[in-house]
Amino acid sequence: MTSGAKLTQCRRDPFYRTNVVKNYCGPEELVTLLTPELRFPCSKFSHLLFKCSTDCPPMPAADVNTTWTLAIRAAADQGHPRRAVALYLSSLRSACRPCPFALAAVLKSVSRLFAAHPLLSAAAGSLHAHLLRLGLLAHPYPRAALTHLYARLPDTSHAHSLLDETPPRPVWGRAQAHSLLVSRNSLLASLLRSGDLAAARSLFDCMPVRDVVSWNSMVAGLAKAGHLDEAIELFDRMPERNAASWNALMCGYIAQGNLSKARELFEQMPVRSNVSWITMISGYTKSGDVHAAGELFERIENKKDLYAWNAMVSCYTKNGCAREALAVFNRMLKPHVWVMPNEKTFSSVISACSQLGDLRFGLWAESFMGSVGIALDDHLRTALVDLHTKSGRMDRAFDLFRGLGMRDVVSYSAMIVGCGMNGMFNEAVNLFKEMSDAKIDPNAVTFVGLLSAYSNAGLMEEARACFSSMSVKYKISPSMEHYTIMVDLLGRSGKLNEAYQLIVQMPMKPDASVWGALLLACRLHNDVELGEIAGYKCFELEPGESGYYILLGNIYVEANEWDKVKRLRNIMAEKGLNKMPGSSWVQAA
DNA sequence: CTAGGGTTAG
């Protein structure tokens with residue numbers, strides 16, 4: 001196309017008169033805008049991958065454009081959006097004539113790269129102008145892709161205009177009709193994602209043509225928003241169903257916590273996709289049914305993909321089965337299985353390591369990530385912060401924390417808990433202040449960190465004030481863990497009765513950790529009466545644990561209650577509990 | 001050839 005023709009087409013476009021055209025950027029500006037987002041993780045491995053895809057064998061000149069297009073689309077389809085965009089930028093530098101199909105792939109990649117990124121809007125605007133200038137905005141594929149990009153913005157008005165301004169007399173025939181359907185589906189999905197059910201409904205109702213995707217989006221949106229009846233009604237009316245339709249309904253039941261109904265659907269659906277298995281497994285993950293999840297995982301029919309492995313690793317991690325999580329991780333790395341883990345896998349793996357306090361494996365995982373070129377995202381950084389604080393490496397934890405792109409409740413809490421644990425009381429309080437200044441609301445975990453910081457510093461009044469402000473000011477009801485910290489602090493400071501009163505008025509049934517904290521305090525201050533109460537509660541709650549017997553026994557010994565010592569020893573013998581090393585009182589009796 | 005259903009951190 002000559003530049004004159006380009007300009008004419010450009011002027012004919014309704015967007016020419018809008019300020020979109022002011023955003024125009026030529027190849028160089030486009031490169032500048034997109035490049036910071038394209039940085040490859042510094043590693044030989046990814047560099048190699050990048051090289052492989054650019055080092056094409058020599059081609060006849062006429063085929064060069066096609067080759068670029070194929071390479072760009074292949075990268076986008078195989079889930080390498082960075083590589084796709086980088087390839088496109090390279091093709092511009094080598095004066096390749098942009099092909100609409102390549103641009104559609106680039107737009108798709110950009111929307112994946114910039115999802116929820118503050119620059120998404122700028123990127124969309126520039127690419128819009130870019131398309132306009134190339135005269136490709138009217139082409140159905142890039143146009144639909146751009147609509148998709150705009151639909152992902154909080155403000156969907158640009159997406160709407162693109163749809164509305166579509167020339168009524170199709171230049172592109174069937175492709176354009178299909179493109180319109182796809183664009184509407186994009187917009188529909190975005191409206192549902194942002195929870196605007198009414199707008200989604202009205203779009204859906206006035207769509208001239210609907211396909212499975214439109215119906216599925218609607219069913220999924222309604223089901224997730226809790227309108228299960230409406231979702232089922234639509235599901236029944238669907239002219240055609242696929243696995244995704246069933247998955248959408250399953251999701252709805254899982255969101256309501258109705259696992260049995262979800263499982264029923266799962267078993268009766270005609271064809272199960274990978275997603276169906278993973279949806280069900282993640283449902284069991286949330287409900288804490290590790291066993292059912294594991295069984296399903298083993299039953300997966302086709303090859304388990306990365307999503308499946310990640311779902312299983314995270315299932316074990318989230319439910320406190322760290323050993324099992326690492327076992328599953330090891331399985332996926334076995335040569336005959338070999339699924340390449342990604343940052344999501346490592347987030348769970350690192351978290352499992354810190355649950356176990358296994359710094360060595362955690363550090364191995366960290367270096368492994370470095371060597372295969374997995375960049376640290378905020379989730380991973382937060383998991384690593386947790387690992388390092390639990391191993392007492394606070395300087396490294398602070399480095400990781402300061403390197404976060406965005407700090408949120410989770411990362412602040414991880415840091416505050418770490419400071420609390422490592423006796424860095426001042427830092428914990430400062431972080432809490434910093435967090436409040438940043439208008440980030442604390443949650444239950446934040447207060448675990450703060451309270452343990454006060455507790456470690458022995459600051460009784462501050463802890464009390466914090467404990468009460470947590471429910472009064474922040475509307476967070478204290479959990480078992482908060483009570484345990486308070487009982488421990490009160491008890492260690494000798495306020496045994498107050499600690500006991502706190503336990504008695506707890507809204508939930510105190511567990512062994514709470515009574516154990518009191519028992520420990522009683523041992524410290526040699527209180528036989530309360531120690532007995534706490535001890536017997538512990539025996540009841542954790543019958544197999546001999547440590548509680550030894551604690552209470554030592555309290556008896558200190559008070560010269562030898563009859564009671566003897567009785568305790570008999571109970572232990574009856575239950576077949578072994579004497580622990582250091583349980584000298586048993587011998588003394 | 002684009003659009004929908006799934007996996008991540010305290």
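Proteins come first, then strands; the chains are lettered A, B, ... in the order of their sequence lines, and each starts at number 1. No experiment lies behind these values; they were computed from the predicted model shown.
Nucleic acid contact class of A:Asp408 (heavy atoms, under 4.0 Å, all strands): base. Nucleic acid contact class of A:Val417 (heavy atoms, under 4.0 Å, all strands): none. Among the heavy atoms of the strands lying under 4.0 Å from A:Ala144 is at least one base atom, whether or not backbone atoms are also near. Within the nucleic acid shown, A:Arg73 comes within 4.0 Å of at least one base atom, counting heavy atoms only. Within 4.0 Å of A:Lys318, counting heavy atoms only, lie sugar-phosphate atoms of the nucleic acid but no base atom. Within the nucleic acid shown, A:Ser273 comes within 4.0 Å of at least one base atom, counting heavy atoms only. Within 4.0 Å of A:Ala243, counting heavy atoms only, lies at least one base atom of the nucleic acid. Contacts of A:Asp386 with the nucleic acid, taken as non-hydrogen atoms under 4.0 Å apart, involve only primed sugar atoms and P, OP1 or OP2.
Taking only side-chain atoms of A:Lys286, from C-beta outward, the nucleotide of B:dG4, B:dG10, B:dT7 with the closest atom is B:dT7. Each of B:dG4, B:dG10, B:dT2 was ranked by its minimum atom distance to the side chain of A:Thr382; first place goes to B:dG10. Comparing B:dA9, B:dG5, B:dT7 by their closest approach to the side chain of A:Ala220 singles out B:dG5. Nearest to the side chain of A:Ser314, among B:dT8, B:dG4, B:dA3, sits B:dT8. Considering only side-chain atoms of A:Lys344, the nucleotide from B:dA9, B:dT7, B:dG4 that sits closest is B:dT7. Each of B:dC1, B:dG5, B:dA3 was ranked by its minimum atom distance to the side chain of A:Val275; first place goes to B:dG5. Closest approach to the A:Asn274 side chain among B:dA9, B:dG6, B:dG4 is made by B:dG6 (side chain taken as heavy atoms from C-beta onward). Checking B:dG10, B:dA9, B:dT2 against the side-chain heavy atoms of A:Ala383 singles out B:dA9 as nearest. Distances were taken from every side-chain heavy atom of A:His379 (C-beta onward) to each of B:dG6, B:dT8, B:dA3; the shortest belongs to B:dT8. With distances taken from any side-chain atom of A:Ser348 to the nucleotides B:dT2, B:dA9, B:dG4, the minimum falls on B:dA9.
B:dA9 atom P lies 15 Å from atom CD1 of A:Ile374, rounded to whole Å. When rounded to the nearest whole Å, the span between CG of A:Asn185 and P of B:dG5 equals 11 Å. A:Leu103 has its CG atom 18 Å from the P atom of B:dC1, to the nearest Å. The CG-C1' distance, from A:Leu404 to B:dG10, rounds to 12 Å in whole Å. Nucleotide B:dG6 holds its P atom 18 Å from the CG atom of A:Asn302, rounded to whole Å. In this structure, A:His148 places its NE2 atom 15 Å from C1' of B:dC1, rounding to the nearest Å. Between the C1' atom of B:dT7 and the CD1 atom of A:Ile278 lies a distance of 7 Å, rounded to the nearest Å. Atom-to-atom, CZ of A:Arg241 to P of B:dG4 comes out at 22 Å; the value is rounded to the nearest Å.
Judged by distance alone with a 3.5 Å cut-off, no donor-acceptor contact links the side chain of A:Ser217 to the base of B:dG4. No N or O donor and acceptor, one from the side chain of A:Asn242 and one from the base of B:dG5, sit under 3.5 Å apart.
B:dC1 has A:Phe101 stacked on its base ring, the centres lying under 5.5 angstrom apart and the planes within 30 degrees of parallel.
Using a 30° and 60° split on the angle between ring planes, A:Phe346 and A:Phe368 fall in the tilted class, from 30° to 60°. Taking the six-membered ring for Trp and thresholds of 30 and 60 degrees, A:Phe266 and A:Trp277 have ring planes more than 60 degrees apart, a perpendicular arrangement. Ring geometry for A:Trp364 against A:Phe361 counts as tilted: the plane angle lies between 30° and 60°, on a 0 to 90° scale. Between A:Phe432 and A:Tyr474, the two ring planes are perpendicular [angle over 60°; tilted spans 30° to 60°].
Side-chain N/O atoms of A:Ser282 include none lying less than 4.0 angstrom from OP1 or OP2 on B:dG6. Phosphate contact (OP1/OP2 of B:dG6, side-chain N/O of A:Lys224, threshold under 4.0 Å): present. Distances shorter than 4.0 Å separate some side-chain N or O of A:Ser351 from OP1 or OP2 on B:dG10.
Remark: of the listed residues A:Phe329, A:Tyr316, A:Phe297, A:Phe297 is the sole one forming a ring-ring contact (aromatic ring centres under 6.0 Å, His included) with A:Trp309.
Counted within 6.0 Å of CD on A:Glu481, heavy atoms from surrounding residues, nucleotides or ligands total 12 or fewer; the atom is thus considered open.
Salt bridge present: A:Asp205 and A:Arg201 bring a charged side-chain N and a carboxylate O closer than 4.0 Å.
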